[in-house]
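Below: the structure, in structure tokens.
Numbers here simply count residues along the sequence, with the first being 1.
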Amino acid sequence: MDPCQCACSHRENPNGTNWVVFSGITLLAGLVAGQVPLTYADLMATALFLLATCLAGWLIFPKAVQAARQLAPDMNLLMTLAVLGAVGIGAWSEAATVTFLFALSELLESFSANRVRKAIESLLEMVPPTALLAGPHQPQQVPVEQVRPGDIIIVRPFAKVPLDGTVESGQSAVNQAPITGESIPVETFPGRTVFAGTINGGGTLQIRVTRAWYDTTLARIVHMVRDAQARKAPVQRLVDRFARWYTPSVIALALLVFLLPPLAGSGTWSVWFYRALVLLVIACPCAL
């Protein structure tokens with residue numbers, strides 16, 4: 001597989017834009033319905049809150065189930081437990097609000113990843129898949145993978161340069177904006193370096209290839225973007241290690257908050273259950 005194409009093969013999050021939008025609208029409708037002085041207003045508001053929770057939870061609950069199955073508790077599981085507890089005690093608006101905010105944050109994160117993917121795809125589209133290889137008799141169109149450093153390729157007027165190289169003969173104005181950002185085409189003549197993905201002007205160029213297709217300047221840019229996306233910052237790696245202990249610790253602490261005080265006779269079960277849920281939500285600031 002083309003190493004450059006690997007940059008675009010990462011797993012994408014499902015597009016849950018509609019789920020989050022519908023959840024937000026339903027949540028707002030529930031808040032409005034709760035203020036209307038009608039006989040069944042509370043029942044309608046509860047139904048709307050429950051629907052909003054389910055819509056936004058489409059992006060969260062499956063991940064929580066997977067985390068539980070793998071015995072790798074994470075923030076999704078933490079939030080799911082808090083939401084289920086809120087539903088259990090009838091705090092419908094709180095459950096819907098927290099689920100919506102958390103799903104919105106997940107959606108924004110997926111948008112960021114998709115923007116990176118599209119940027120990489122646009123870079124890959126800049127390079128033609130074939131090159132016109134000069135031969136002893138006549139030029140031959142071959143895939144760029146078959147061209148080796150030292151080969152001579154021909155770039156016709158207004159065509160894209162397929163590989164990095166040095167101009168052997170010919171003169172033209174090459175648009176290097178896709179690579180260097182220069183807005184004015186650069187006059188190119190024998191001895192000048194040209195880059196894959198740039199656009200030739202009105203002259204024909206013969207170019208001696210200096211880099212293989214997987215080692216061009218553009219390919220290196222794609223690799224750097226891919227590596228930057230895949231590589232975690234030191235702070236993020238620290239957070240990941242911390243979360244492995246933090247999440248189960250918070251769940252255990254919430255259980256203790258729920259169980260110990262009532263067993264010791266310091267309050268009712270319902271009060272301490274609610275406080276345990278508050279602890280779960282506060283301990284997961286990514287929801288906010």
For this session: Indicate the atoms forming the closest heavy-atom contact of Ala196 with Pro162, along with that distance.
Result: CB-O, 3.4 Å

Problem set entry | Exceeds 12 heavy-atom contacts within 6.0 angstrom, atom CE of Met44 | no

Exercise. Would Phe158 and Ile199 count as a side chain to side chain contact (heavy atoms under 4.5 Å, CB included) if you check the C-alpha gap in whole Å, the side-chain angles of each, and the deciding distance to 0.1 Å?
Worked result: CA-CA 6 Å; Phe158 309 111; Ile199 304 172; 5.7 Å; no

Problem set entry | Same cluster (ILVMFWY, side-chain, under 4.5 Å), Leu48 and Leu101 | no

For this session: Kindly compute the distance separating CD1 (Ile207) from CZ (Arg192), expressed to the nearest 0.5 Å.
Result: 13.0 Å

Exercise. Roughly how far apart are Leu133 CG and Gln140 CD, rounded to 0.5 Å?
Worked result: 7.0 Å

For this session: Could you grab the distance from atom CG of Asp151 to atom OG1 of Thr210, nearest 0.5 Å is fine?
Result: 11.5 Å

Exercise. Where do Asp164 and Thr193 land on the side chain to side chain contact (heavy atoms under 4.5 Å, CB included) test, with the steps shown first?
Worked result: CA-CA 7 Å; Asp164 288 4; Thr193 299; 5.9 Å; no

For this session: For the residue pair Trp269 and Phe258, categorise the inter-ring angle as parallel (less than 30°), tilted (30 to 60°) or perpendicular (more than 60°).
Result: perpendicular

Exercise. Can you list the steps and then say if Phe195 with Val174 is a side chain to side chain contact (heavy atoms under 4.5 Å, CB included)?
Worked result: CA-CA 10 Å; Phe195 306 102; Val174 177; over 6 Å; no

Exercise. Which value, rounded to the nearest 0.5 Å, describes the distance between Leu77 atom CG and Leu84 atom CG?
Worked result: 9.5 Å

Exercise. Are Phe49 and Val87 in one and the same hydrophobic cluster, where Ile, Leu, Val, Met, Phe, Trp and Tyr link if side-chain heavy atoms are under 4.5 Å apart?
Worked result: yes

Exercise. So, does Asn200 use its side chain to make a donor-acceptor pair with the main chain of Ala159 at under 3.5 Å?
Worked result: no

